[in-house]
Amino acid sequence: MNYDFTEIEAKWQEYWAKNQTFKAENNSDKEKFYVLDMFPYPSGAGLHVGHPLGYIASDIYARYKRHKGFNVLHPMGYDSFGLPAEQYAIQTGQHPAITTETNIARYRDQLDKIGFSFDWSREVRTSTPQYYKWTQWIFIQLFNSWYNNDTNKAEDIATLTALFEKEGNATVNAVCDEDIIVFTAEEWNAFDTKKQQELLLQYRLTYLADTEVNWCPGLGTVLANDEIVNGVSERGGHPVIRKKMTQWSMRISAYAQRLLDDLTTVDWPQPLKDSQTNWIGRSQGASVTFQILPPTPSKGEGATPGYMTGGNNAHLLLERAKEMRNNPTEAEAILWERLKGKNIGDKFRRQHLIADFIVDFVCLSKKLIVEVDGAIHEEQKEADQSRTDVLNARGFKVVRFTNEQVIGDLDAVLNNIITELSNSKEVPPSGVRGIDVFTTRPDTIFGVSFMTLAPEHELVAKITTPEQKAEVEAYIEATAKRSERERMADVKTISGAFTGAYAEHPFTKEPVPIWIGDYVLAGYGTGAVMAVPCGDQRDYDFAKKFNIAIPNVFEGVDISEEAHADKDKTVIANSDFLNGLPYKKAMKLAIYELEKIGQGKGKINYRLRDAVFSRQRYWGEPFPVYYVDGMPQMIDAKHLPIALPEVEKYLPTETGEPPLGNATVWAWDTVSNQVVDNSKINNTTVWPLELNTMPGWAGSSFYFNRYMDPNNTEAIFSEEAINYWQDVDLYIGGSEHATGHLLYARFWQKFLFDKGVVPKNEFAKKLINQGMITGTSAFVYGFGPGFSVNVSNKEDLQKYSEVLEMKKYVISKESYENAVKGDYDIVVKNIITNRIKDFASVGLVAELDSSFDGTFLPVRVDVKYLIGTTDVLDIERLKEDPLFSFLKKAEFKLNSDDEYIVGREVEKMSKSKYNVVSPDSICVGYGADSLRLYEMFLGPLEQSKPWNTAGITGTHGFLKKLWRLYVDDNGIKVTDTEASKDNLKTLHKTIKKVEEDIENFSFNTSVSTFMIAVNELSAQKCTSREVLEALVILVSPYAPHIAEELWSKLGHTNSISTAPFPKFEASHLVESSKEYPVSFNGKMRFKLELPMDFTKDQIEEVVMAHEKTIQQLAGRTPKKVIIVPGKIINIVG
RNA sequence: GCUCGAGUGGCGGAAUUGGUAGACGCGCUGGAUUCAAAAUCCAGUUCCUCUGGAGUGUGGGUUCGAUUCCCACCUCGAGUACCA
């Protein structure tokens, strides 16, 4: 009986499916064990052999744990919302749900063929309403929560409103927006509902806000930071620009510290932890306020600061303002005649830039804006209102007059303006406000010799002096033009400009010049730094470039060449009260002193930003949100799920709204509590629904919990289920999820933990990153058109290309390698000669052009055209493939065996490199068990390693050998004969090693161990049931099909999957003698068999008398003899 | 640049607390079996100036003894990108 893997594997896969062998019970007396694979996105390309690597490892572990008596949860499902299906839908019109369904079916088919022990009754898909009902549910929970810093956890929003009602927000210690206003309980209670909702949004854990987002025009959506790689989108590689949009955000920053701290409590790979630590980017230091000095007469000629009030786009609007000034309307002209100079007591300016608006007239000292409008339309009113709001926010009062008023009754208008002017208080110069900076080195505060603001900093326009205005504006314009990518790529060029303004050093009271420079990022900290050139290389370089002083505040440190950024062993000098103190003490004291004068305090800063949660896409979870007067409202959880609506097309609408804007049935009826036709929107009971959808990471941030009770329709999961399964014991997946999925999932888990929904603060105890399997591409080496030919007319040119077309050559790798070195072998020389003859035959004079480097060209061919597992190319089949039609006429130069051997090179496995090997073809040729063993055998799980199909004959051969140990031509040959000592020794050695290996996730070495065991037992001609029955259980996690088959042949009627793992007994490994290695000066020279119970002295006696020892020593007397009984003998001398 | 990981035969890799470097497999070579091939089995396979010697990226160190520990450097891979 031969090992017929095809039949065996089909048989057992059917058996497992039919008997639900791997169904996990939520009620069990057994100890639980949860093994999880990272959620796959079912892509259209299907699996290649690299994908199942992690699945095989986790499956082995899951099966092992079942043998060890655990109740194992080992589920699988699909993260099925996502961009590729939607992109495909846009191109073809095919509904993404259909594409997704097809892809999943293919995935499932491939997975089934590898024999995984998944509990398929628990399968989930993020794109089904039954699943995303709970994604929406969690979103609502986040909306209804705020983060209380005092209790250090998320709490229901009701506890916050209760506080507001009682004592306002002054005493609330919450994670919230930066720009909150302070209000009392009375004020809160007096606010209307809309105002209250607005204020609450600043506290909610998911909130709607205007945020600078990464907008990707190519994909028509915003992207999270982790979805951008090198300044372009991760998917598709489209450019990304910064844009301000109203978006849902997740207040993940509230959890920054806990996400960092709890990394120490999980057993995850260090590089992964490092990358999260990095991403969170905690830095401890102080925030320090520098007062801005009023301009001194010598510097500013008495000019009042605060003249520059433009916003970020000032440089673009200035031209327009000039133009408008030159072309005033009639009413504007009349009014300006009366306002200009100081005709009515205060100085007015016209067509002045404030924020991003050009206002008609402004009195800066009184912060009064006068606007003259033409005919007023309804829409214009709305726009004007929002403009007024912005200006009000900047402290300006806006009065409006119509053209008619100005022309008709100018005096009344002027009186009105004079009244407003007298009402408004004198505005203090902006100099009294300070610049806030964050620094990690408050100990070096006496080394500050300048300050640098980001060019985008809002203060820049306010403090720049008239003298410096032109330079500063030119610089801002120049940096604005540089794209984000350029700025990132070029960190060497130091640039900046002086604002002309000065700040006051908090301790020395010395003036500190304020510069702007693009090495300061607007998005980090406060967008401003106190520059300490002696202690920071960037500040140092900047100071050198612009000739700014570099005071040294370090004792005994030379800073003539570069800054001294070291903290340890640094002693502070030239720093008043900090003199002589080491770094840590100086830091504490500096903060203490800053606090004393009210100009600073200790602060911890995080790089982690709140996560943008809106996507302008169709194929994602809809938000359970509708809008009343522009304020978002949650739909009650009992009406979930809010199903994704049907749309005509999957593109943004003509007005630029997200694809859901195309839906005609997408409004919320608050009476019937259902989604209704848009035509019913009446803004009283029927309201518009949210048009954005959720990002890809929403559904994958809690799926591991949903698997515990995936079909529950009443709750996200039952309490019994979550309390039994608790968390994931082993999580296996790729390292590419380090800062995306794994950070967001931890965030949601902590939130759900705070809310008492889950019992564990972290969802996965142990995590392993499996390495990549790379492909081995196949190359042939073409001989290109490296000839210079005298071509004088069109006809010649025609002939020239005909000759080139007529014959193409593919040379061997050796010929190629020599040829590129300029060393032409006989084959190449012949080709050249023939080629020249060919040209001559049509009357052309040709000559080899050795300077042309495309003469010899490696070309990738598909690895499926290699014969068997060899490197021999099947030229005929290759030539039939239209993809390789360019080789159709090529003449392949064969070797002496009449074969063409391709060159191989290791590269990433990808379709475009023609090196993809699919698991299906391996299963057909060698079987799933061979594939499983081979994937493990390739090398350590965590490392990346190249795939080479040829090697699979090794594990396949092993399985055949294993089979023959149990079965011969007459069937099963196992007997009840007693096991020999050697049999037991081999068995128990194997049990010990395999158990240790699995526990250490060292699967490659246990495959070797099996091979050794089978080799030994075959040599011993072992037929003992006792030994062979144990062996088949050991092998079963790795090669489950053959194990089941042999198990049943051994007479068992149940599945092997829960058979108890054999118990290791050390007694079988006890040896009576040891073959000692005898070394001389640490080099092993010969071996010596000695009894185990020999003492050191006995060993020394025998060894010293040994003839080989005498020969080695050649008369010398050893200085020392090291003997470690049971280990080694080393003779020194 | 910074952080992390890795460098061992022709190839994938093994060596558990510092104790026989190259297990196991691929490939290759030779042999057996066969009309022949496949399959299977047996033997060999780190290198060299080969009764000996050298050798785990390079150079140094600690040790009786180093792939393993320490220092410096080189190469490759991954992550990150002016984070104050």
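Order of the sequence lines sets the chain letters (A, B, ...), proteins ahead of strands, with each chain counted from 1.
The six-membered or imidazole ring of His505(A) lies near that of Phe446(A), with a centre-to-centre distance under 6.0 Å.
Counting non-hydrogen atoms under 4.0 angstrom, Val1132(A) reaches the backbone sugars and phosphates but no base. Backbone-only contact: Lys945(A) has heavy atoms under 4.0 Å from sugar-phosphate atoms and none from a base. Asn1130(A) comes within contact range of at least one nucleobase, with a heavy-atom separation under 4.0 Å. Here Thr277(A) lies out of heavy-atom contact (under 4.0 Å) with every strand. Within the 4.0 angstrom heavy-atom criterion, no nucleotide atom of any strand lies near Arg282(A). Residue contacts for Ser1079(A): at a heavy-atom cut-off of 4.0 Å it reaches no nucleic acid atom on any strand shown. Counting any heavy atom pair closer than 4.0 Å across all strands shown, Asn1015(A) reaches sugar-phosphate atoms only and no base atom.
Pair assignment for C28(B) gives G44(B), based on Watson-Crick or G-U wobble hydrogen-bonding distances that are each under 3.5 Å. Look at G55(B): it lacks any Watson-Crick or wobble partner with both distances under 3.5 angstrom. With a cut-off of 3.5 Å on both Watson-Crick or G-U wobble distances, the partner of A39(B) is given as none. Under the Watson-Crick or G-U wobble criterion, with both distances below 3.5 Å, U75(B) is paired with A6(B). Pairing partner, C64(B): G19(B), with both Watson-Crick or wobble hydrogen-bond distances short of 3.5 Å. For U49(B), there is no paired base (Watson-Crick or G-U wobble, both distances below 3.5 Å).
Ranking A84(B), A23(B), A81(B) by closeness to the Arg607(A) side chain, first place goes to A81(B). With distances taken from any side-chain atom of Pro940(A) to the nucleotides G13(B), C24(B), C26(B), the minimum falls on G13(B). Nearest to the side chain of Lys960(A), among G25(B), U20(B), U40(B), sits U40(B). Comparing G25(B), G19(B), C83(B) against the side chain of Val1124(A) picks out G19(B) as the nearest. Between C64(B), C82(B), C26(B), one nucleotide has an atom nearer to the side chain of Ile1122(A) than all others, and that is C64(B). Closest to the Ser275(A) side chain, of the nucleotides A54(B), A23(B), G79(B), is G79(B). For Pro271(A), the listed nucleotide lying nearest its side chain is C4(B); candidates were U20(B), C4(B), A23(B). Closest contact between the side chain of Pro946(A) and the listed nucleotides G12(B), U20(B), U40(B) involves G12(B). Of the listed nucleotides (A84(B), G27(B), C24(B)), C24(B) has the atom at the smallest distance from the side chain of Ile1012(A). Of the listed nucleotides (C82(B), U20(B), C41(B)), U20(B) has the atom at the smallest distance from the side chain of Pro1077(A).
Glycosidic conformation, G53(B): anti, with the torsion outside 90° of 0.
Nucleotide A14(B) holds its C1' atom 15 Å from the CG atom of Asn1000(A), rounded to whole Å. If you measure from atom NZ of Lys908(A) to atom P of G77(B), you get 14 Å, rounded to the nearest angstrom. Note: NZ (Lys1127(A)) to P (C64(B)) measures 18 Å, nearest angstrom.
Between Arg964(A) and C41(B) there is a side-chain N or O to OP1 or OP2 distance below 4.0 Å.
Between the side chains of Ser777(A) and Asn915(A), at least one donor N or O sits under 3.5 Å from an acceptor N or O. In this structure, a donor-acceptor pair under 3.5 Å is absent between the side chains of Lys1120(A) and Asn1130(A).
Comment: Glu1100(A) does not engage Lys1096(A) in a salt bridge, judged by the lack of any side-chain N to carboxylate O separation of less than 4.0 angstrom.
Contact check for Trp947(A) versus Thr774(A): no side-chain heavy atoms found under the 4.5 Å cut-off. Between Ser287(A) and Asp436(A), the closest side-chain pair of non-hydrogen atoms is not below 4.5 Å.
Atom NZ of Lys973(A) has more than 12 neighbouring heavy atoms from other residues, nucleotides or ligands inside a 6.0 Å radius.
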